[in-house]
Amino acid sequence: MSRRIALRPLARILEARQKGENPDEIERENLARRHEQARDKMRQRAESRLLMLAICFFAAFLTVGAKMTMLAGSDPEEPHISVAGSSVLGARADIVDRQGRVLATNLVTNALYVQPQDLIDPEAAAAGLAEIFPDLDEDWLIRRFTSGSTFAWLRGSISPEQQQRVHDLGEPGLLFGPRDMRLYPNGALAAHVLGGARFGEQAVNAAEILGVAGVEAYFDAELRDPARGAEPLQLSLDLTVQSAVEEVLAGGMTLMNAAGAAAVLMDVNTGEVISLASLPDFDPNARPRPLLEGDQSESPLFNRAVQGVYELGSTFKIFPVAQALDLGLVTPQTMINTQGPLRMAGFAISDYDDYGPSNSVTDVIVYSSNIGTARIAEMIGTERQQSFLGELGLMEPTSIEMIESRAGRPLYPHRWTDLSTATISYGHGISVSPLHLAAAYSTIVNGGTRVEPTLLRRDSPQEGERIISEEVSAQAAHMLRQVVTDGTASMGEVAGYEVGGKTGSADKPNPEGGYYVDRLISTFASVFPANDPQYVLIVTLDEPSVMMLGEERRTAGWTAVPVAAEIIRRVAPLLGMPPQAVDPEVAYQLTSASE
């Protein structure tokens, strides 16, 4: 710190008087020096301030430049509304198919709410809103506006057109709250898989979206997890295949006069469900209310492919045959006594037709002999049969990623008698879902290893437990192929694709006891191509009935089989499977048969 200069120092004044100089000059000189020191000090202070200001400006420009560089190098994203102080999270991850095509996403919209104390004319506001939203009652609105409340929700979401019309009413008490809503751009397509969503906890500027069914509910926590960022949930479904399956299934359901229908297309090696359909269906954008009374299976919300458990009839016959082959009890050529009827515990087991006193194991499958299958089940025994069906996953709910899977619990006898062993061998006395059947057939034909159905995309085969040998698996696939070429599923042939499969026609149980005589569940469990199985397709029709060749037909060979064949014809190319070369004579026969 500089020492202050005295204006009239005594020593210098005395010295100046001795020399005859003017002492006043000393004061003026010292005053000038003091002013000069003050100017230097002020200049230094100003220079320091300018330097600090320059540094601040440089840091600000550097920060803005860095932020702009980061934005320029990042992927563009839609802005999301963030509400300070609110714990309501409106963001929800997209759901896409195996090709990345959007199945479910979010749409930024607005909710409508009212602060009645700010309404200028409550009656006019009520009349205007009733005109814009016909489902809102004008009298109810007036009572709500004049009840003394300070806040009320009016609509969870509104369209831009409706928002403009409400705005035009000019009422300051009618306000809009921004939020995301769940959108399913494909409408009813894959509705039972996706399930649907609803608003949960709501704040003025945000709303929580909760899954209510299907994968939306099963993966609800993951879809709402902010840590996912922009990563979507990728399913195993193929959007184009799903569309083709639903279109053909709906046409078949109408043509066969069925009350309902279901289809499951599954990769036998990975367990991926490529398509899953249940009819009638619904639009998840306007999800209907569940039935409060009556039979829930009559609701369009009911998933027949997963929740519905049915006796699937003769489609089960391949299971005891494959088990007996694997145990070494029979070979495909072993002759089985099919003389009937077969009487057990006071009941008579008969065949649909007279197949003669004996048939080979292969012919038992090809011609669908109940008696032959029951005799093979006798060789296996009750305990081994139960164990084998359990290993195929037919005695517990499937593990597929849908909350509805828990409801699809198989039904079977608590007391498993010898008669149960016989009837269950041909699909009576046990009820499973079409998805159960798809998984079990996949295990039988994929080389013999258990596969679990999944709705998540996989890039590699499942390494499941071995259930039967590869040799037996190939023998079973060959038998299923012969069912189409020589047996009950002749309408299942598709030119260029070796289709195999097994028909099943089971009487529907009567709630009052016994079975209906004129109501069937008709099923075709198909495999293609049978020489190297890649996919299993299950088609089930509920109470089909169609007039063909002057007679009313209900069995699977006349109903489910042609529907499945048309689905395979449509979807096989979409799955990247070019048709195989067909012998000209066989192609001519197939063409003639179709005409």
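Values below: every heavy atom of this structure, side chains too, minus hydrogens, waters and symmetry copies.
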Going through the distances and angles, do L189 and E246 end up as a side-chain contact (heavy atoms from CB on, under 4.5 Å)? CA-CA 8 Å; L189 196 65; E246 290 192 17; 3.6 Å; yes

Are V494 and F528 close enough, and set up right, to give a side-chain contact (heavy atoms from CB on, under 4.5 Å), and what steps lead you there? CA-CA 10 Å; V494 178; F528 64 98; over 6 Å; no

For salt bridge (Lys or Arg N to Asp or Glu O under 4.0 Å), just list the numbers for D220 and R92, CA-CA rounded to whole Å, side-chain angles, deciding distance to a tenth of an Å, and then say yes or no. CA-CA 9 Å; D220 184 63; R92 191 176 182 86; 2.9 Å; yes

Take N110 and R179 through the test side-chain hydrogen bond (donor to acceptor under 3.5 Å, both in side chains) and record every step on the way to the result. CA-CA 6 Å; N110 282 281; R179 74 267 320 279; over 6 Å; no

What's the verdict on salt bridge (Lys or Arg N to Asp or Glu O under 4.0 Å) for D135 and R155, showing C-alpha distance, side-chain angles and the deciding distance? CA-CA 11 Å; D135 58 320; R155 304 284 290 192; 2.5 Å; yes

Begin with the C-alpha distance, continue with both residues' side-chain angles, and end with the deciding distance and a verdict on side-chain contact (heavy atoms from CB on, under 4.5 Å) for F176 and L112. CA-CA 5 Å; F176 308 105; L112 175 62; 3.9 Å; yes

Evaluate the side-chain contact (heavy atoms from CB on, under 4.5 Å) criterion for residues D542 and K508: first the C-alpha distance (whole Å), next the side-chain angles of each, then the deciding distance (0.1 Å), finally the verdict. CA-CA 9 Å; D542 187 357; K508 289 188 68 174; 3.0 Å; yes

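Residues F282 and H192 bring their aromatic ring centres within 6.0 Å. Aromatic ring centres of F319 and Y441 lie closer together than 6.0 Å.
At least one side-chain heavy atom of L174 sits less than 4.5 Å from a side-chain heavy atom of L154. Between V108 and D180 the shortest side-chain heavy-atom distance falls below 4.5 Å.
Here the shortest heavy-atom pairing between G492 and V561 reads N-CG1, 3.1 Å. Heavy-atom minimum distance, N269 versus D267: N-OD1, 2.9 Å. Between S505 and A556, the shortest heavy-atom distance links the atoms OG-N, 2.8 Å. Considering all non-hydrogen atoms of both residues, A560 and S522 come closest at CB-O, 3.8 Å. Across R287 and A213, no two heavy atoms sit closer than the pair NH2-CB, 3.6 Å.
The environment of CD in E471 is sparse: at most 12 heavy-atom neighbours from other residues, nucleotides or ligands sit within 6.0 Å. Within a 6.0 Å radius of CZ in R228, more than 12 heavy atoms belonging to other residues, nucleotides or ligands are found. Around atom CD of E452, more than 12 heavy atoms belonging to other residues, nucleotides or ligands sit under 6.0 Å away.
Among E208, E201, E216, the single residue meeting the salt bridge (Lys or Arg N to Asp or Glu O under 4.0 Å) criterion with R224 is E208.
The distance from atom OH of Y310 to atom CG of L437, rounded to the nearest 0.5 Å, is 13.0 Å. The distance from atom CD of Q242 to atom CG of L265, rounded to the nearest 0.5 Å, is 9.5 Å. For the atom pair CD1 (I568) and OH (Y535), the distance works out to 12.5 Å, reported to the nearest 0.5 Å. A distance of 14.5 Å separates CZ in R466 from CZ in R450, rounded to the nearest 0.5 Å.
Donor-acceptor pairing under 3.5 Å is recorded for the side chains of T488 and T503. With hydrogens and angles left out, the side-chain atoms of D94 and T105 include a donor and acceptor closer than 3.5 Å.
Ionic pairing of R101 and D238 is present here: one or more N-O contacts between side-chain nitrogen and carboxylate oxygen are shorter than 4.0 angstrom.
S473 places no side-chain N or O within donor-acceptor distance of the main-chain N or O of S469, the cut-off being under 3.5 Å.
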